Structure formats: C-alpha cells, structure tokens
There are 2 protein chains.
Amino acid sequence: MDWSIQEIAKLAGTTSRTLRHYDDVGLLPPSRIGGNGYRYYDRTALVRLQRILLLRDLGLGLPAIADVLAGQTGEARALEGHLAWLRHEQDRLARQVASVERTIEAVGGGEEIMAKDMLDGFDHTEYREEVEERWGADAYTAGDRWWRGMRDDERAAWKERSEALGRDWTAAAESGAAPDSAEAQVLAKRHVEWLTGIPGTPAGTPGGDVAAYVIGLGEMYVADPRFAANYGGERGATFVRDALRVYAEANL
Amino acid sequence: MDWSIQEIAKLAGTTSRTLRHYDDVGLLPPSRIGGNGYRYYDRTALVRLQRILLLRDLGLGLPAIADVLAGQTGEARALEGHLAWLRHEQDRLARQVASVERTIEAVGGGEEIMAKDMLDGFDHTEYREEVEERWGADAYTAGDRWWRGMRDDERAAWKERSEALGRDWTAAAESGAAPDSAEAQVLAKRHVEWLTGIPGTPAGTPGGDVAAYVIGLGEMYVADPRFAANYGGERGATFVRDALRVYAEANL
DNA sequence: GTAGAACTTGACGTAGCGTCAAGGTCAAGC
DNA sequence: GCTTGACCTTGACGCTACGTCAAGTTCTAC
C-alpha cells in the first residue's frame, strides 16, 4: 500500500519538488524505489511527512526538524530555542519599524520645508527650523534608537549643545584660523566628544574605528549641502572637515 | 582626492566585498578606475554610499535603494511601502510565536502524561485525560489559530462533539459493519463535517482539496498509535480510514 | 502503436554578500 | 634589484528551501 510522489504530495498538501528535496537532503527518503527509479511512499512516510510539514509551518529549519525526528533533540527543547529566536526577530522588526516611521516623518518634514523655501522665499525663522531639522537628520544618521529614547528636555539640551558647536565652528572658520590651529583642534576635540555621546555609532561604541568614522563624517559635511549649511556653508564645512581630519589622524 | 576600496570601506563602516558587490549590481560604481584596474572613490561616492547603507539598515532591498537614489521613487513613498511589508512580517511573526508557544505547552503536557503512564501504570481517569490530550493534539494538527481563539465553553462543546464521534466510530467498528456500509458512510459524513469546522485546513478552506486531506488524515490515524487509540485501536482506525476513503472517493 | 501524463536527474535562480583561491600590483626595506 | 607583505583584481562556491525549466525515460490508456 504505497503512493507515487505526486499522490503523497497531494495527500499531505505539498509538492513533488519538495519531496525530492527532502530526499536529497536525507530528511525523508522514499520508503521504496522502483526498478524504474520512481519513488514510492508508504503510510509511515506519510506520517513523517506530516510531522515535517507541521514543524516547518512553525518556522523550524530543515536541519532542526531532522534533529527532532531523529530524537536527538527533544521537541519541546527545539521549540523553546526556536521561540527565543522568534522573539529576537520580533525585537529587531519592532526597532526597524520605529526607525522607518521616524525616517518617514523626518523626510516628509524636510521635503515640506524645501517646498516652502522655493515657494515662499527665505526668512530667519524658517532657516532656524530647517537647521533644527538638519540636526535631527544628522543625529538620526548617526544612530537612531538613541534619539527616540530621549526625553524632551534631553533633546533640547542636545540641540543646544549642537547649535553651540555649529556656531563656534562657523565663527572659527570666519576668523580665518587654520584647520591645524589650536583653536580649531579644540573644536575638533569637542566635536568628537559630542559624537561619542551617540550610542550605536563607531564613536559611541567601544572598539569602534572612531578615526575613520570622524573623517568620513567630515567628508559628508563637505559633500552634502544639507550638512554644509550647519557649518557656515561649504567653506566652513571644508574647514571643519580638515580640522577633524588633522585631529583624528593625530589623536585617534 | 579619492580613496582606495578599503579606505572608503573603513570610512563608511562596511567591507570591500560589499563595495565590489555594489559595483557588480550597478548600485555604486567607483568614481574612477585606475590603469591597474583598481577602484577609486571620491567624496560624491562616499556620500552616496552612506545613503545606501542608511537605507539598507532600514531594511530596504538593493533594488529599492537603487530606485530611490535614481529619483524614480520618492524616499517617503518607498519607505511607506516598506513599512507596510514590515507590519505584515510583524503579524506573521506574532502568529508564529503564538503557535509555537501553544505547541510547547501541548507537547510538554503530552510528555508529562506519557512519563506518568510509564511510572504509575494506567487507570481510567488518566486514560481519559490522555484521550483529551490527543483530541487537543488532533485539533492542533488540523489548524491551530482557530483553537486558541476559542472560549472555554466552545472548547468544551467541541470536545464533546469529538468524543461522541470517537465513541460512535468505535461502536460501529466493533459491530462488524463494513467500511462501505450505510452506517459507516453516515459516520464518515459526520467526520468530514466535523473537520470542515476547522479553519486553516483544506477541509475548512474554500477550494481546498478535501478528498486528499481526508484520505491522508485517515492514513495518519492508522499509522500513528497516538491517534489510533481514539478510534478503538488499530483495527478501529483501519475501519475509519477505509470508511473515509470510500466516502471521499465517492462524494468529494 | 502512440499520445499524453507522470517520472527521472541536472542545473539555474533567489538576496546579499562571506569566504576561499589564484594571481597581479605597489610601497618599503635590504 | 630583489624580497616581503599588504592590497588589489576576477572567478566561483555557499547559504534557505525549494520553484522552475529542460531533456530524456516510463507508465497508462485508447
């Protein structure tokens, strides 16, 4: 009393290709192979297949299923392990959803402001809003789980610190100081310390390659006008970049 | 002012292999290629790379990222679409977690009872519990989202119906009736109607291959002693299987 | 005998790189 | 000028669990 490969596939609700695969990986060999090479399956195989499909629907991988069916791993134990992995994935997904949501918000806001700029012209208030947006984007770029966990007052303090740094950079750039001057290097040090406050970035992570990160960030300030604006335009950004590079190469 | 492939990889916090891959798929070609074939990248490329990595961290696929960077898809729109997919995944995961949790519970309970049987012997009360466990397992095998959504009274009603069916099958088998007798066929009809009440199975799904499912289930009853016990042992299970097959082939 | 359905093995494709493998290039030290 | 070691190149397999042709063989029914 046995079935052909298509018959057992229909009985169990799967495909013949899947059965051939299970044969290939040794998970479910046919119970009999005809002289013509055809695969035939009996009731025992059907039940085994049904158990396989059940565990598969729960999300277990084929090797794990093989272990369970071989009795090497208790079913409960295997599922416990799998459950832990599933919860991990849930965490990861939840964080990603939060990140994407906030990014949509930030991007949407940024685009609105840009559109407004083009339609209504330019004034100081809007400029300040835009700068704040950009700082938000910068902070986001650097590491976002952190930003969403902040309280309002913390966020305000951070913004104040950020703006002070931007003002000082702009002033230093306009004073004509050299990127390797003591003044600029002090600012670079402050900048790096500021970055260090952002967990999730190389700067805020023990063992991270801070030097490379700082240099890369400096290049971004120069190349992207959205950030350059925070440092007094492209000339200012170039100054910041050079100062950061000198500092990073000497001290990090 | 450009960097080698390793340099830019470090600056952006990724690997040279990734950069070569992005070159291969056309996502980020090097800004310059030396006479020696070496890839060199400039600031523009660095910024593009940083945007790529940012979007990648949000979970977007490389083709989607390419669309966004090419301006073919608005960033916000792309992220909205991605967000929908993420929520879908969250749903799926949540359902899987619930399924796995309940399976662990069921399996854990079953193993305890088995252990108890071997240690303490066998008595009617325990036998009944075991049967209930098995019915639970059967119901689970057939479709589990449904089972967890039931109220206690619904579950009791279901169990009563299940037990009645099992009793009637056993009685018919012991009466010596033939699988194709009218009596057995009436029971088979009841059995299928009972199965139809379980959403998520072919029997409970419009368009499902009910015949194949019913025949496969019958085979399982015979081959797996855990289920055979519910139909009065292996002889009873064989009777049930044959009756179901006759019914399915004639009516489904 | 022949058409058509079912079966076989073999091999590519999937997402995004990690990881050898084999060989050319470059900078530094002797 | 030669060696060493670091860095670069292309090429190709591996991973998950099969879906999807492709080409050839076998069974079944008329």
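Since the model is a prediction, treat every value here as computed from it, not as a measurement. Naming: A, B, ... by sequence-line order, numbering from 1 per chain.
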Worksheet item: What is the distance from atom CG of A/L86 to atom CD of A/Q90, rounded to the nearest 0.5 Å?
Response: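 Spacing of CG (A/L86) from CD (A/Q90) equals 7.0 Å.
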
Item to complete: Supply the atom-to-atom distance B/L11 CG to B/L49 CG, rounded to the nearest 0.5 angstrom.
Response: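 Taking CG in B/L11 and CG in B/L49, the distance rounds to 9.5 Å.
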
Between [X] and [N], is there a side-chain N or O to OP1/OP2 distance below 4.0 Å?
X	N	result
A/R39	C/dT9	yes
B/R56	C/dG16	no
A/N36	D/dT25	no

Just the rounded figure in Å: distance from [atom2] of [N] to [atom1] of [X].
X	N	atom1	atom2	answer
A/D57	D/dC18	CG	P	10 Å
B/Y40	D/dC7	OH	C1'	10 Å
B/Y38	C/dA27	OH	C1'	11 Å
B/E7	C/dA27	CD	C1'	13 Å
B/R32	D/dT9	CZ	P	12 Å
A/I5	D/dC18	CD1	C1'	13 Å
B/L60	C/dA15	CG	P	14 Å
B/L58	C/dG16	CG	C1'	17 Å

Discussion item. Does B/G61 reach a base, just sugar-phosphate, or nothing at all? Heavy atoms under 4.0 Å.
Written reply: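 It contacts sugar-phosphate atoms only.
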
Discussion item. Are the side chains of A/H82 and B/V100 in contact, using a 4.5 Å heavy-atom criterion?
Written reply: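 A side-chain contact under 4.5 Å exists here.
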
Worksheet item: Going through the distances and angles, do B/H191 and B/L244 end up as a side-chain contact (heavy atoms from CB on, under 4.5 Å)?
Response: CA-CA 8 Å; B/H191 198 106; B/L244 285 177; 4.0 Å; yes

Worksheet item: In residues 14-22 of chain A, which ones come under 4.0 Å of DNA chain D, going by heavy atoms?
Response: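 Those residues are A/T15, A/R17, A/T18, A/H21, A/Y22.
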
Discussion item. Is it the case that the side chains of B/S16 and B/R20 hold a donor-acceptor pair, with the cut-off being a distance below 3.5 Å and no angle test?
Written reply: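 The criterion, which ignores hydrogens and geometry beyond distance, is satisfied for B/S16 and B/R20.
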
Item to complete: Take B/R32 and B/Y38, measure what side-chain contact (heavy atoms from CB on, under 4.5 Å) needs, and give me the verdict at the end.
Response: CA-CA 8 Å; B/R32 183 169 70 82; B/Y38 284 24; over 6 Å; no

Worksheet entry | Which residue lies more 5' along DNA chain D, comparing A/L62 with B/G37 via nearest heavy atoms |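 Result of the comparison: B/G37.
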
Only pairs under 3.5 Å count here: list side-chain donor-acceptor contacts from residues 53-70 of chain B, not counting sequence neighbours, and write none if there are none.
none

